[in-house]
Amino acid sequence: KDPQPIVPRPPEGMSITGFRDPSPWKQGDWYYMTVGSGVAKVGGCVLLYRSKDLKSWEYLHELTSGAWNGKPTANPCDDGEMWECPEFFPLDGAHVLIYSTLGRVFWQSGVLDAETMKFNPQKTGLLDLDAFYAPKTQLDAHRRRILWGWIPERRPEAAMRDAGWSGMMSLPRVMNLDKDGTLRLRILPQSASLRSGIVPQDDSHSGILKTLRMASGEIMCSGAMGKSFEFTLSNGGSELLRVSYSAEKHTFVADGREIALQPTDVPTLQAFVDGSVIELILSERIGWTKRFYYPGTTAPDIEAWANGADVKMTAWEIEPISQNRLTTPA
């Protein structure tokens with residue numbers, strides 16, 4: 001470890017709200033590095049540096065920036081005055097930037113001018129609707145871009161201390177771009193190795209009902225083009241999550257937001273339930289990660305419902321990584 005910081009201070013003349021989370025890569029003869037930052041009363045930004053030896057760094061310019069929402073908070077990341085955990089990488093013939101701010105993770109896709117090292121964002125969107133933050137990516141042996149996120153808690157600090165742990169990592173998500181630069185996400189296909197058996201269907205109700213024992217299972221639900229449907233997860237009658245698909249608009253509605261699909265997108269969702277977390281991907285367009293809690297040390301059964309014409313749903317039991325993964329200690 002070098003006893004001296006390689007970049008001891010932010011660029012001169014900038015009223016910086018933060019300066020952290022470096023992410024380097026090699027491109028041609030240069031090493032480049034992004035740093036999460038922001039300018040007071042202006043908005044978050046990503047700073048770009050370059051180096052020949054990974055020790056002496058030259059500041060170039062802002063790779064891209066955003067607008068502050070004008071509502072000051074104690075943490076500038078909560079109001080868009082600071083961007084953290086940026087990462088910049090090539091993907092499917094374009095470039096993608098991910099960054100975290102306003103309690104969410106955003107993506108931008110566009111074109112990088114390799115001569116000027118200026119990034120021209122052309123599309124942007126959310127990676128996830130709720131409990132998913134500060135992700136990082138890797139390239140696997142097949143050169144796939146794999147995204148891993150932090151799933152924070154949604155309970156008081158006292159409850160976390162009682163449980164003895166806080167937060168977890170998400171399931172790995174494969175990232176791709178469509179030809180028009182729209183992001184596509186899917187759970188890593190190897191996750192199918194967690195399946196241990198098919199969950200039977202309960203035929204005593206209208207629609208499709210699957211019961212995930214002890215809050216553990218995977219669900220695949222698909223609708224038909226031109227047919228609306230609804231999907232819910234509940235715990236003993238208490239609704240945990242509801243998603244509806246509008247055939248007229250070709251959109252999902254989740255967490256109060258409309259998620260527009262591409263014309264050729266089939267309305268599908270994939271969900272994993274494990275202990276106190278739900279990870280859901282909507283038509284490979286956006287994630288929705290939810291936390292839920294319950295008293296005691298035994299995870300409850302979770303009911304998955306699908307209602308609508310020509311809707312189909314399959315569910316699998318999955319093998320927990322451990323038997324003591326629940327939200328409170330035994």
Side-chain angles (χ1 to χ4, degrees), residues 6-68 77 80-102 104-127 134-140 142-147 173-185 262 285-286:
I6 59 171
V7 183
R9 60 185 61 85
E12 297 291 336
M14 296 180 71
S15 181
I16 292 297
T17 55
F19 187 70
R20 58 179 180 271
D21 306 330
S23 181
W25 73 94
K26 182 78 180 297
Q27 184 171 315
D29 297 329
W30 290 93
Y31 293 99
Y32 291 91
M33 177 175 67
T34 54
V35 178
S37 191
V39 179
K41 311 303 181 187
V42 175
C45 63
V46 177
L47 307 179
L48 183 65
Y49 289 78
R50 71 176 181 177
S51 171
K52 286 285 190 179
D53 59 6
L54 291 173
K55 292 185 178 181
S56 298
W57 289 89
E58 171 193 5
Y59 172 63
L60 296 179
H61 48 253
E62 292 182 14
L63 184 67
T64 187
S65 61
W68 177 47
C77 294
E81 205 179 15
M82 159 76 185
W83 289 359
E84 56 187 341
C85 300
E87 191 175 2
F88 188 66
F89 48 84
L91 185 66
D92 295 333
H95 272 76
V96 170
L97 173 74
I98 60 174
Y99 61 93
S100 299
T101 191
L102 297 168
R104 297 287 190 268
V105 185
F106 297 84
W107 61 269
Q108 295 179 351
S109 69
V111 177
L112 174 69
D113 185 326
E115 294 297 322
T116 63
M117 291 303 290
K118 294 281 190 176
F119 177 52
N120 177 27
Q122 296 173 340
K123 284 190 176 271
T124 187
L126 277 175
L127 273 174
K136 292 291 288 183
T137 76
Q138 69 169 99
L139 285 176
D140 71 1
H142 303 288
R143 306 299 293 174
R144 293 177 296 188
R145 182 64 63 171
I146 312 296
L147 181 80
R173 305 178 183 184
V174 183
M175 304 178 73
N176 288 105
L177 289 179
D178 287 341
K179 290 182 179 180
D180 69 350
T182 304
L183 187 69
R184 186 176 290 276
L185 294 169
Q262 299 282 75
R285 292 303 172 194
I286 195 169

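Keep in mind that this is a model prediction, so the values were computed, not measured.
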Side chain to side chain contact (heavy atoms under 4.5 Å, CB included) between Met14 and Val39, worked out: CA-CA 7 Å; Met14 296 180 71; Val39 179; 3.8 Å; yes
Tyr99 vs Thr64, side chain to side chain contact (heavy atoms under 4.5 Å, CB included): CA-CA, chis, key distance, verdict: CA-CA 11 Å; Tyr99 61 93; Thr64 187; 5.8 Å; no
Side chain to side chain contact (heavy atoms under 4.5 Å, CB included) evaluation trace for Met82 with Arg20: CA-CA 10 Å; Met82 159 76 185; Arg20 58 179 180 271; 3.7 Å; yes
Test log, rule side chain to side chain contact (heavy atoms under 4.5 Å, CB included), inputs Lys136 and Leu147: CA-CA 6 Å; Lys136 292 291 288 183; Leu147 181 80; over 6 Å; no
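Rounding to the nearest 0.5 angstrom, the gap separating the CZ atom in Arg50 from the CG atom in Asp29 is 10.5 Å. How far CH2 of Trp30 is from OG of Ser51: 7.5 Å, rounded to the nearest 0.5 Å. Taken to the nearest 0.5 Å, the OH atom of Tyr49 stands 10.5 Å off from the CH2 atom of Trp57. Rounded to the nearest 0.5 angstrom, Asn176 CG and Leu183 CG are separated by 8.5 Å. For the atom pair Ile98 CD1 and Glu87 CD, the distance stands at 5.0 Å (nearest 0.5 Å). Within the model, atoms CH2 of Trp107 and CG of Leu185 stand 9.0 Å from one another, a figure rounded to the nearest 0.5 Å.
Contact annotation: the side chain of Gln138 never approaches that of Arg144 to less than 4.5 Å [non-hydrogen atoms, C-beta and beyond]. At a threshold of 4.5 Å between non-hydrogen side-chain atoms, the residues Leu47 and Leu63 do not count as touching. Under the 4.5 Å side-chain criterion, counting only non-hydrogen atoms from C-beta, Thr17 is not in contact with Lys41. Between Val46 and Leu97, the closest side-chain pair of non-hydrogen atoms falls below 4.5 Å. Looking at Ser37 and Pro86, their side chains never come closer than 4.5 Å, going by heavy atoms from C-beta outward. Inter-residue side-chain proximity for Ile146 and Val174 is flagged as met; some heavy-atom pair is nearer than 4.5 Å. In this structure, the side chains of Tyr59 and Pro11 come closer than 4.5 Å at one or more pairs of heavy atoms. Inter-residue side-chain proximity for Pro121 and Thr124 is flagged as unmet; no heavy-atom pair is nearer than 4.5 Å.
In terms of the salt bridge (Lys or Arg N to Asp or Glu O under 4.0 Å) criterion, Glu62 has no residue partners (sequence neighbours excluded). The side-chain hydrogen bond (donor to acceptor under 3.5 Å, both in side chains) check on Ser65 picks up nothing, with sequence neighbours excluded.
A salt bridge does not link Asp92 with Arg184: none of the charged nitrogens is closer than 4.0 Å to a carboxylate oxygen.
Judged by a 6.0 Å distance limit and a 45° cone about the ring axis, Arg9 is not positioned over the six-membered ring of Phe19.
Counting all heavy atoms, side chain and backbone alike, Val111 lies closest to Gln122 at CG2-NE2, 3.7 Å. Nearest approach of Arg173 to Leu127, heavy atoms of both residues: NH1-O, 4.0 Å. Shortest non-hydrogen contact noted between Met117 and His61 is O-NE2, 2.7 Å. Of all heavy-atom pairs spanning Asp21 and Cys85, the tightest one is OD2-N, 2.8 Å. Summarising the geometry of Gly80 relative to Leu102, their closest heavy-atom pair is N-CD2, 3.4 Å, with the distance given to 0.1 Å. The minimum heavy-atom distance between Cys77 and Thr101, with the atom names listed, is O-OG1, 3.2 Å.
A donor-acceptor pair is defined here as one N or O able to donate and one able to accept, closer than 3.5 Å; no such pair exists between the side chain of His95 and the backbone of Asn120. With Asp178 contributing its side chain and Gly181 its backbone, the two residues share no donor-acceptor pair below 3.5 Å.
Ring geometry for Phe88 against Trp25 counts as tilted: the plane angle lies between 30° and 60°, on a 0 to 90° scale.
Under a cut-off of 6.0 angstrom, the local environment of NZ in Lys26 is crowded, with over 12 non-hydrogen atoms contributed by other residues, nucleotides or ligands.
Donor-acceptor pairing under 3.5 Å is recorded for the side chains of Gln262 and Asp180.
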